[in-house]
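Naming: A, B, ... by sequence-line order, numbering from 1 per chain.
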Amino acid sequence: MKTVFMGTPEFSANVLRDLCAAGYTPAAVVTTPDKPAGRGYETKPSAVKRFAVSQGLPVYQPDKLSDTEFLKILKNTEPDIIIVVAYGKLLPETVLTLPKFGCINAHASILPKYRGAAPMQRAIMNCETETGVTVMQMEKGLDTGDIIHVLKTPISDTDTLETVHDKLAILSGQALIDVLGMLEKGTAVFTAQDPELATYADKIRKEDEIIDFSEDSKKISAKIRALTPFPYAYSTFCGKKIKVTRAETIDSLVSAKPGTVLAVAKDYIEIACGNGALKVYEVFPESKRKMPVRDFINGSKISVGDLFGI
RNA sequence: CGCGGGGUAGAGCAGCUCGGUUAGCUCGUCGGGCUCAUAACCCGGAGGUCAGGAGGUUCAAAUCCCCUCCCCGCAA
């Protein structure tokens with residue numbers, strides 16, 4: 001089976017690595033162009049590009065997939081199938097229909113739920129207890145193709161975006177390897193998605209990152225975990241942003257105004273929420289480094305009664 | 001030349017605006033005490049060329065001016 005791999009971030013790179021290890025080394029790798037990013041606008045190659053280059057695989061970075069030069073190259077590569085994992089752009093019809101088996105995509109949710117840009121974050125944020133990866137046959141719509149294979153995994157209340165991301169990257173590799181085997185043997189079964197059950201996972205916006213202490217502590221915890229280790233959920237303290245990078249919930253009856261500091265202990269501070277409280281262990285103050293709350297306490301003279309969120 | 005914050009003992013910070021006694025605070029660490037005991041409390045100690053520049057200004061610079069290096073946030 002001759003394959004072409006398309007992907008961009010770390011997630012894709014992990015999957016690509018697993019595919020290569022399983023003997024499905026692609027004939028070509030396609031990723032988005034290097035863009036200026038980060039402080040000082042330095043251009044950095046994508047994680048997929050870095051891996052592909054390290055393996056000596058040919059890499060293509062077309063601005064547009066409909067570019068005729070690129071299409072010619074793609075056609076000459078003669079892939080049997082194109083594997084797409086978090087590439088970052090929609091594929092035009094010409095590409096979708098080019099390979100014999102078309103294009104397949106591994107999506108980080110149990111479709112038809114959480115179609116779209118941020119399935120892992122949204123699933124954690126919504127306190128889902130289960131997630132997974134779906135491999136589907138791609139078609140024009142966004143994440144609407146027929147389902148070929150699904151692998152599931154539970155989400156615990158200590159999982160973060162980081163842990164779920166890593167788990168699903170592994171599952172994606174497995175699922176794709178399974179599917180490639182099925183296609184080779186002709187045993188693959190295609191099941192249409194039920195559009196009635198579809199939900200969308202919008203990308204994370206600025207306001208999604210703000211902690212609202214009037215919410216239930218469990219929701220706040222879920223938000224924090226959904227955005228760890230990037231970009232992190234934040235609140236404000238003394239007029240400055242402060243990200244909360246590690247916390248857990250406490251079930252207790254709290255009557256204090258949400259955001260109030262209820263306790264300052266040695267290694268944590270307790271903050272009142274709309275329902276219950278949040279025990280914060282690690283923070284990331286604006287312009288500073290990520291630090292244990294203990295350090296923050298030492299330097300900030302925070303005390304019981306102070307307010308977060310203002 | 002995208003915008004902004006910052007580099008002061010092992011850690012987190014204050015001091016800098018309006019230069020001037022032994023550079024302070026919280027914690028850690030070491031020693032001692034109290035205690036049945038302790039991560040609690042009390043007493044005491046060590047530890048800083050204040051990022052770097054045989055720079056500038058000055059009687060005097062962590063504090064003002066100039067240059068370099070490094071770290072971080074935002075935005076992408």
Asker: Report, one line per pair, each donor and acceptor closer than 3.5 Å where one atom sits in a side chain of residues 254-270 of chain A; sequence neighbours left out.
Answerer:
residue, atom, partner, partner atom, Å
A:T260, OG1, A:K257, O, 2.5
A:D267, OD1, A:R294, NE, 3.1
A:D267, OD1, A:R294, NH2, 3.0

Asker: Sort out the partner of B:G48 for me: Watson-Crick or G-U wobble, both distances under 3.5 Å, none otherwise.
Answerer: none
Asker: Sticking with atom P, work out how far B:C74 lies from B:A54, rounded to a whole angstrom.
Answerer: 37 Å
Asker: Can you tell me how far C1' in B:A23 sits from the matching atom in B:A60, rounded to whole Å?
Answerer: 16 Å
Asker: Under 4.0 Å between a side-chain N/O of A:K266 and OP1 or OP2 of B:G28, yes or no?
Answerer: yes
Asker: For a quick test of reading the model: is some side-chain N or O of A:K240 closer than 4.0 Å to OP1 or OP2 of B:G73?
Answerer: no
Asker: Using the C1' atom on both, measure B:C50 against B:C25 and round to a whole Å.
Answerer: 16 Å
Asker: So, is A:K301 near the phosphate of B:C27, with a side-chain N or O under 4.0 Å from OP1 or OP2?
Answerer: no
Asker: With rounding to the closest Å, how many angstrom separate the P atoms on B:C16 and B:A62?
Answerer: 14 Å
Asker: For B:C41, give its Watson-Crick or G-U wobble partner with both distances under 3.5 Å, or none.
Answerer: B:G33
Asker: Which base, if any, makes a Watson-Crick or G-U wobble pair with B:U26, both distances under 3.5 Å?
Answerer: B:A11
Asker: Rounded to whole angstrom, note down the P distance from B:C42 over to B:G28.
Answerer: 12 Å
